[in-house]
Amino acid sequence: MKKYRDQWRDMVVAALQGLAAETNVSGLDITSLVVETPPKPELGDFAFPLFPFARVFRKAPPAIAAEVARRVSVMPGVGGMGAVVAAGPYVNVKLTPAPVIDDILAAIAAQGEAYGRSGALAAQRVMLEFSCPNTNKPLHLGHLRNDALGESLSRIFTAAGATLRKVNLINDRGVHICKSMLAYQMFGAGTTPASEGVKGDHFVGSYYVKYAQHAKDHPEAEEEVRQMLRKWEEGDPAVVALWKTMNAWVTEGIAQSYKRTGISFDQVYFESDIYKLGRSEILAGIQKGLFQKDPDGSVWVDLTDRGMEREVLLRSDGTSLYLTQDIGVAIQRSKDWPFDRLIYVVASEQRHHFHVLFAVLELLGFPWAANLHHLAYGMVNLPEGKMKSREGTVVDADDLLDELEKLALDEIKAKEREDDVGDLSRTAQEIALGALNYWLLQVTAVKDMTFDPKESISFNGNTGPYLQYTGARISSMLRKFEERKSQYSAGAYSSAALSLPEEWEIAKALALFPETVVTAARELNPSVLTTYLFELCKSFSRYYQDHPVLRNEDAGLVQSRIALVRGMERVVRNGLELLGIPFLEAM
RNA sequence: GUGCCCAUAGCUCAGCUGGAUAGAGCAUUGGAUUGCGGAUCCAAAGGCCGGAGGUUCGAAUCCUCUUGGGCACGCCA
């Protein structure tokens with residue numbers, strides 16, 4: 001669609017310049033000419049508001065609009081492209097649909113899976129960090145939002161042409177891990193996830209909970225934990241062995257969850273490998289006078305001239321902090337895989353941390369420090385209220401997925417679709433995932449949100465399953481067409497047959513897909529795509545409700561509408577892929 | 001207390017770099033010649049865009065103040 005928009009913009013620009021030249025007006029600022037979509041389709045396909053030019057022409061906008069419309073309408077070749085009319089202060093353009101429809105449908109058919117991909121960000125190497133689980137408990141609802149955002153953005157960036165690298169950082173060391181380990185030593189009695197038939201992350205998580213209960217009336221436990229951490233750092237064989245065993249259980253469990261939700265990474269960093277990084281950079285920074293050592297031995301950075309505080313970089317005993325480590329990791333990454341941008345998908349609670357991190361890296365003089373970005377996302381609550389780990393109201397990711405799958409399964413059964421669906425449990429899983437990812441991505445990242453499992457799985461409304469349903473209906477239509485193909489062989493595709501306003505609306509929307517992907521990437525916002533796809537599907541549902549695709553006497557009409565349906569199928573398929581929502585051919 | 005973020009229909013959310021009468025979905029009410037899967041579609045009703053100023057030809061959008069909510073303010077991660 002961009003092509004056409006630019007074409008018409010150029011013509012309007014030429015008209016304005018022509019008018020300026022003839023009336024001896026100078027100082028025309030053409031950058032203030034914007035193209036927008038009229039609020040109602042009847043008004044046209046593009047609109048140019050001319051308010052900004054009133055001053056320079058000393059004329060009322062409607063008068064300018066009338067003059068511009070007149071000039072554009074007599075430009076060579078305009079007749080075949082479309083009509084141009086003034087509507088008050090606006091110049092509206094109504095495209096001639098047929099050639100545009102031909103163009104769009106041909107492009108989709110030719111590009112197939114690649115339709116929607118572009119080179120818009122071709123020069124960019126983008127590293128995207130997300131998920132970053134702890135190895136002391138299973139994933140919860142918050143991780144699901146993180147993962148959905150990270151995975152979807154990675155696909156969107158890739159589609160927009162960027163070279164993208166997904167990285168994960170597993171927090172597999174520290175006091176929280178030792179707590180589970182200590183509790184397991186005390187109460188584990190040699191059991192394993194296998195012996196108990198429990199997923200590894202849940203197994204270990206249960207000991208984390210047991211520790212918390214134990215520590216309530218055993219204050220000395222805290223000291224034992226610290227001792228254990230010390231032993232771990234010293235490489236005590238027994239402690240390290242237990243740590244390895246329990247970490248393996250958790251990471252295996254988390255890997256299963258990733259598989260279930262379609263999450264993957266190009267590189268995984270382990271905190272246990274890299275937690276010592278950063279220290280040397282801090283020490284070097286002291287030499288350069290960037291940081292100061294206090295009398296007690298702690299090292300600080302003064303950020304007050306940036307409106308921030310003084311922050312600790314090294315403890316008085318010389319050891320690193322989380323911040324120190326993140327400094328080291330960023331530097332390491334810039335060496336491992338030099339990037340143009342590094343985006344961290346991390347909950348908004350850590351805004352301050354990243355503020356400081358980025359400031360320190362800038363102080364250290366890394367040129368890439370200006371291209372670090374914290375994609376902060378808000379909390380996910382349930383209709384019942386907030387998640388609070390202390391009150392045990394944290395929603396476990398696997399449990400939630402189980403619940404969604406059950407709801408989906410119930411729905412399939414209620415509609416008596418078991419026989420049509422193929423693999424029943426797989427379909428339920430895919431619907432559950434569609435419901436989850438759509439809901440999580442539909443809300444702008446920075447905002448806190450409410451996740452309503454029942455509403456998310458609903459098959460009507462603004463939901464993932466609704467999109468999947470539209471895809472399934474489209475697939476069904478295309479299957480039927482293939483079965484009866486010979487019936488329609490007398491006719492041939494012709495864009496002229498697609499003369500309904502609904503068909504024009506759909507075709508235009510299909511044409512907007514590639515630009516929409518780029519916008520989503522530019523704004524780091526998958527919800528741009530959810531909204532786009534929902535509206536596209538709604539238009540299509542409305543259309544086929546009233547206008548039969550296959551049940552037509554005119555074989556040419558059938559062929560033409562099928563071409564449009566094929567375009568729909570392609571865009572829905574490619575679009576859902578970018579959101580991590582499975583496309584279903586039947587449901 | 002200080003800083004950052006959020007506030008749009010009863011509920012859940014869109015609203016692009018300011019542009020035509022602020023939009024969806026859910027819920028509510030009323031409809032759709034047995035229909036290419038009715039898991040759909042249509043319609044009605046529902047708003048001082050938290051409030052007050054300001055900038056502008058023009059503000060949900062930008063600025064200031066204010067109210068309410070969230071989060072962060074550790075030699076934790």
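Lettering follows sequence order; numbering is per chain, from 1. When reading the values below, keep in mind they use all heavy atoms of this one structure, side chains included, and skip hydrogens, waters and symmetry mates.
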Can you see if the side chain of [X] gets near the phosphate of [N] - specifically, an N or O under 4.0 Å from OP1 or OP2?
| X | N | value |
| --- | --- | --- |
| A:Arg473 | B:rG38 | yes |
| A:Ser458 | B:rG25 | no |
| A:Asn171 | B:rA77 | no |
| A:Tyr466 | B:rC41 | yes |
| A:Arg351 | B:rC71 | no |
| A:Ser476 | B:rG37 | yes |
| A:Arg315 | B:rC76 | yes |
| A:Lys447 | B:rU12 | no |

Distance, rounded to the nearest Å, where [X] contributes [atom1] and [N] contributes [atom2]:
| X | N | atom1 | atom2 | value |
| --- | --- | --- | --- | --- |
| A:Leu33 | B:rG18 | CG | P | 15 Å |
| A:Glu411 | B:rA39 | CD | C1' | 7 Å |
| A:Glu36 | B:rC16 | CD | P | 12 Å |
| A:Phe540 | B:rC41 | CZ | P | 12 Å |
| A:Leu303 | B:rA72 | CG | P | 20 Å |
| A:Asn460 | B:rU28 | CG | P | 12 Å |
| A:Arg417 | B:rU40 | CZ | C1' | 12 Å |
| A:Glu384 | B:rC11 | CD | C1' | 14 Å |

*Below 3.5 Å, does any donor atom in the side chain of A:Asp326 face an acceptor in the base of B:rA77, or the other way round?*
no

Ignoring hydrogens and geometry beyond distance, is the side chain of A:Gln545 in donor-acceptor contact with the base of B:rU40 at under 3.5 Å?
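Answer yes: a donor N or O sits under 3.5 Å from an acceptor.
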
For A:Pro39 and A:Lys538, take the nucleotide of RNA chain B holding the closest heavy atom to each; which residue's nucleotide lies nearer the 5' end?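 Looking at the nearest nucleotide for each, A:Pro39 comes out on the 5' side.
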
Judged by nearest nucleotide, the residue sitting upstream toward the 5' end of RNA chain B, A:Lys40 or A:Asp317, is A:Lys40

Find the partner of [N]: check Watson-Crick (N1-N3 plus N6-O4 or O6-N4) and G-U wobble (N1-O2, O6-N3) distances, both under 3.5 Å, and reply none if neither fits.
| N | answer |
| --- | --- |
| B:rC73 | B:rG1 |
| B:rC36 | none |
| B:rC41 | B:rG31 |
| B:rC16 | none |

Taking any heavy-atom pair under 4.0 Å as a contact, classify [X]: base, sugar-phosphate, or nothing.
| X | result |
| --- | --- |
| A:Val443 | sugar-phosphate |
| A:Ala586 | base |
| A:Glu271 | sugar-phosphate |
| A:Ala347 | nothing |
| A:Met308 | nothing |
| A:Pro89 | nothing |
| A:Thr444 | sugar-phosphate |
| A:Ser298 | base |
| A:Pro383 | nothing |
| A:Ala376 | nothing |
| A:His547 | base |

[atom1] atom, [N] versus [M]: distance in rounded Å?
| N | M | atom1 | answer |
| --- | --- | --- | --- |
| B:rG37 | B:rA44 | P | 29 Å |
| B:rU17 | B:rA27 | P | 32 Å |
| B:rG70 | B:rG25 | C1' | 25 Å |
| B:rC42 | B:rC65 | C1' | 47 Å |
| B:rU55 | B:rU64 | P | 15 Å |
| B:rG15 | B:rC71 | C1' | 26 Å |
| B:rC16 | B:rU29 | C1' | 35 Å |
| B:rC26 | B:rC62 | P | 30 Å |

Determine whether the aromatic ring centres of residues A:His374 and A:Phe358 are separated by less than 6.0 angstrom.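 No, too far apart.
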
_Before we go on, tell me: are the rings of A:Tyr275 and A:Trp232 under 6.0 Å apart, centre to centre?_
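Centroid distance A:Tyr275-A:Trp232: below 6.0 Å, so yes.
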
- request: Inspect the contact between A:Lys508 and A:Glu505 and indicate whether a charged nitrogen and a carboxylate oxygen are less than 4.0 angstrom apart.
  value: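 Answer for the salt bridge query: yes.
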
* Do other residues, nucleotides or ligands put more than 12 heavy atoms under 6.0 Å from the CD atom of A:Glu416? -> no

From A:Asn525 CG over to A:Ser152 OG, what is the distance, rounded to the nearest 0.5 angstrom?
->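 A:Asn525 CG to A:Ser152 OG: 9.5 Å, rounded to 0.5 Å.
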
*Take A:His352 and A:Glu311 through the side-chain hydrogen bond (donor to acceptor under 3.5 Å, both in side chains) test and state the conclusion after the steps.*
CA-CA 11 Å; A:His352 178 68; A:Glu311 302 279 347; 3.0 Å; yes

Counting only pairs under 3.5 Å, give me each side-chain donor-acceptor contact of residues 557-568 of chain A, with atom names and distances, residues two or more places apart or in other chains.
| residue | atom | partner | partner atom | Å |
| --- | --- | --- | --- | --- |
| A:Gln559 | NE2 | A:Tyr488 | O | 2.9 |
| A:Ser560 | OG | A:Ser494 | N | 3.0 |
| A:Ser560 | OG | A:Ser494 | O | 3.2 |
| A:Ser560 | OG | A:Gly556 | O | 2.7 |
| A:Arg561 | NE | A:Glu503 | OE2 | 3.0 |
| A:Arg561 | NE | A:Tyr543 | OH | 3.2 |
| A:Arg561 | NH1 | A:Pro548 | O | 2.8 |
| A:Arg566 | NH2 | A:Glu482 | OE2 | 3.0 |

**Q.** A:Tyr90-B:rA20 aromatic stacking (under 5.5 Å, under 30°)
**A.**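 One would call A:Tyr90 stacked on the B:rA20 base.
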
Among the candidates [options], find the nucleotide nearest to the side-chain atoms of [X].
| X | options | result |
| --- | --- | --- |
| A:Glu455 | B:rC26, B:rA24, B:rG37 | B:rC26 |
| A:His353 | B:rA77, B:rG19, B:rC42 | B:rA77 |
| A:Asn525 | B:rU12, B:rU40, B:rG15 | B:rG15 |

Looking at A:Ser539 and A:Glu535, would you say the former's side chain and the latter's main chain have a donor-acceptor pair under 3.5 Å?
yes

Exercise for review: Go through the structure and list residues passing ring-ring contact (aromatic ring centres under 6.0 Å, His included) with A:Tyr544, not counting sequence neighbours.
Suggested key: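 A:Tyr544 satisfies ring-ring contact (aromatic ring centres under 6.0 Å, His included) with A:Phe540 once adjacent residues are dropped.
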
